[in-house]
Amino acid sequence: MDLSTTTGSAPIELRAAALCCLLDADPARKAKDTMALAQAWQAGTLQLDRDISLSAQGTIPGRPACPQLIPPKEVARRAMHTLEGRAAAIHALTHIEFNAINLALDAIWRFAGMPRDYYADWLRVAGEEALHFSLLAAHLQTMGYAYGDFPAHNSLWEMAEKTSGDVLARMALVPRTLEARGLDASPPMRAKLAQAGDQAAAGILDIILRDEIGHVAIGNRWYAMLCRERDLEPIATYRILARHYKAPVLRGPFNLPARRAAGFTESELDALENSDRQEF
């Protein structure tokens, strides 16, 4: 994708470009073009049409033939003390980051009429997720493996499909539910990798956790704004959305410092820890 121009010297439009990246089935090229798109936005060379009507001419999201997608319960767990086991764990993280690129790009092109900062926020997320994917994929190659070598599941994108008709549901159930689970899971995964001697992978997870706090904060920001606009109480609304869209039940232990840094209120955290269904 040429990010310099579309015709003559006219800048390309952000949401259309995000859709173009989303449709790309080549993971490395998708990541490279997404990072370039974020850089072009920072340089002021993109236009934004918040109200343009877009339609996808292809399968969303673009993805390679591998990895094979299987139900989550069928994804094998491997011992972390073996090279193959560590590679499988890194591969799972790589797949999560690939899906996260797609989720951020989808949030940009799909939902029209949002404030300019909304699109800037999700483009920042897309660029950082692309960096995470690239770091993990490169590390996987140093282990003798490549993205696609292990089966993976599709739970993240399945929730994106469920919430494709309502930006409020998307903000509630993707960044501040599914992606927020990464705030809880990252520290124990980092500890296992470090204990196994993979300090490079542990360092990548440090970068990812730092950035993901910001990504979840963006989800919280826009969820709160949309609740205010629609005159909805956030905690009660979340419970309704979680039940309606069959979101996974959240179970501890929770990384409360990271969740606080990501903007969850004390009321939300109390509801998360004390609710009978562990949902807030």
Side-chain angles (χ1 to χ4, degrees), residues 71-73 75 77 80 89 92-93 95-97 99-100 103-104 107 121-122 125 128-129 132 153-160 162-163 166-195 202 205-280:
K73 292 182 179 179
V75 177
R77 295 189 177 185
M80 195 73 80
L93 295 170
H95 181 66
I96 289 170
E97 297 303 321
N99 267 316
L103 290 166
D121 276 351
W122 286 109
V125 173
E128 290 177 351
E129 303 291 19
H132 300 165
H153 66 80
N154 199 35
S155 298
L156 264 174
W157 188 257
E158 287 171 357
M159 183 56 73
K162 289 181 183 179
T163 58
D166 183 2
V167 65
L168 174 68
R170 175 67 64 86
M171 295 299 104
L173 301 177
V174 174
R176 64 194 308 275
T177 299
L178 297 184
E179 294 187 76
R181 293 172 75 180
L183 304 182
D184 307 321
S186 184
M189 174 63 76
R190 186 208 185 280
K192 289 178 182 178
L193 289 167
Q195 186 176 23
L205 260 66
D206 287 337
I207 294 170
I208 291 174
L209 178 60
R210 177 200 68 198
D211 292 346
E212 291 297 338
I213 289 173
H215 301 174
V216 175
I218 286 170
N220 274 323
R221 174 189 180 184
W222 294 108
Y223 176 72
M225 188 214 76
L226 289 160
C227 282
R228 288 194 301 271
E229 281 191 347
R230 301 185 191 186
D231 196 24
L232 298 171
E233 197 286 315
I235 295 177
T237 299
Y238 179 86
R239 290 193 178 109
I240 293 168
L241 292 169
R243 292 190 182 102
H244 178 76
Y245 290 97
K246 297 180 173 59
V249 176
L250 301 179
R251 302 191 184 282
F254 301 108
N255 186 347
L256 296 181
R259 284 177 174 267
R260 288 188 180 99
F264 286 100
T265 67
E266 292 304 315
S267 295
E268 287 173 326
L269 295 177
D270 287 345
L272 178 66
E273 292 198 291
N274 298 324
S275 172
D276 289 340
R277 290 193 66 239
Q278 294 283 309
E279 62 186 25
F280 63 95

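Basis for what follows: all heavy atoms, side chains included, without hydrogens, waters or symmetry-related copies.
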Item to check | Separation between CZ of F264 and CG of L256, rounded to the nearest 0.5 Å | outcome: 10.5 Å
Item to check | Closest contact, heavy atoms only, L178 versus P248 | outcome: CD2-CG, 3.4 Å
Item to check | salt bridge (Lys or Arg N to Asp or Glu O under 4.0 Å) partners for E266, two or more places apart | outcome: R260
Next on the checklist: If you apply the rule side chain to side chain contact (heavy atoms under 4.5 Å, CB included), what do you find for H132 with E212, and how did you get there?
Outcome noted: CA-CA 10 Å; H132 300 165; E212 291 297 338; 3.7 Å; yes
Item to check | Donor-acceptor contact below 3.5 Å, side chain H95 vs main chain H153 | outcome: yes
Item to check | D211 side-chain N/O to E128 backbone N/O, donor-acceptor pair under 3.5 Å | outcome: no
Item to check | Rounded distance [0.5 Å steps], CD in E158 versus OH in Y245 | outcome: 15.5 Å
Item to check | Minimal non-hydrogen separation, L173 against L241, with atom names | outcome: CD1-O, 3.7 Å
Item to check | Value rounded to 0.5 Å, distance of CZ in R181 from CD1 in I96 | outcome: 9.5 Å
Checklist entry - Does a side-chain heavy-atom distance below 4.5 Å link R176 with E268? => result yes
Item to check | Pair E233 + R239, salt bridge at N-O below 4.0 Å | outcome: no
Checklist entry - What distance separates I240 CD1 from L232 CG, expressed to the nearest 0.5 Å? => result 8.0 Å
Checklist entry - How close do S186 and L209 get, heavy atom to heavy atom, and via which atoms? => result OG-CB, 3.9 Å
Item to check | Non-hydrogen atoms of N220 and A262 that approach each other most closely | outcome: ND2-O, 2.9 Å
Checklist entry - Are T237 and Y223 side-chain neighbours, meaning at least one heavy-atom pair lies under 4.5 Å? => result yes
Checklist entry - For K192, does the NZ atom have more than 12 heavy-atom neighbours from other residues, nucleotides or ligands under 6.0 Å away? => result no
Checklist entry - Side chain of S155, backbone of P72: donor and acceptor closer than 3.5 Å? => result no
Checklist entry - Is there a side-chain contact between P187 and N255, using heavy atoms and a 4.5 Å cut-off? => result yes
Item to check | Heavy-atom check, side chain of N99 versus side chain of E129, under 4.5 Å | outcome: no
Checklist entry - Between R170 (side chain) and A160 (backbone), is there a donor-acceptor pair under 3.5 Å? => result yes
Next on the checklist: Nearest 0.5 Å, please: how far is CZ in R210 from CD1 in I213?
Outcome noted: 10.0 Å
Item to check | W122 side chain near L103 side chain, heavy-atom distance below 4.5 Å | outcome: no
Checklist entry - Going by atom types alone, do E179 and H215 pair a side-chain donor with an acceptor below 3.5 Å? => result no
Next on the checklist: I'd like to check L93 versus L205 (side-chain heavy atoms, cut-off strictly below 4.5 Å). Are they in contact?
Outcome noted: yes
Item to check | Ionic contact status for D166 with R230, cut-off 4.0 Å | outcome: yes
Checklist entry - Any idea which heavy atoms bring R259 and L269 closest together, and the distance? => result CB-CD2, 3.9 Å
Checklist entry - Which atoms form the tightest heavy-atom contact between I218 and V125, and what is the distance? => result CD1-CG2, 3.6 Å
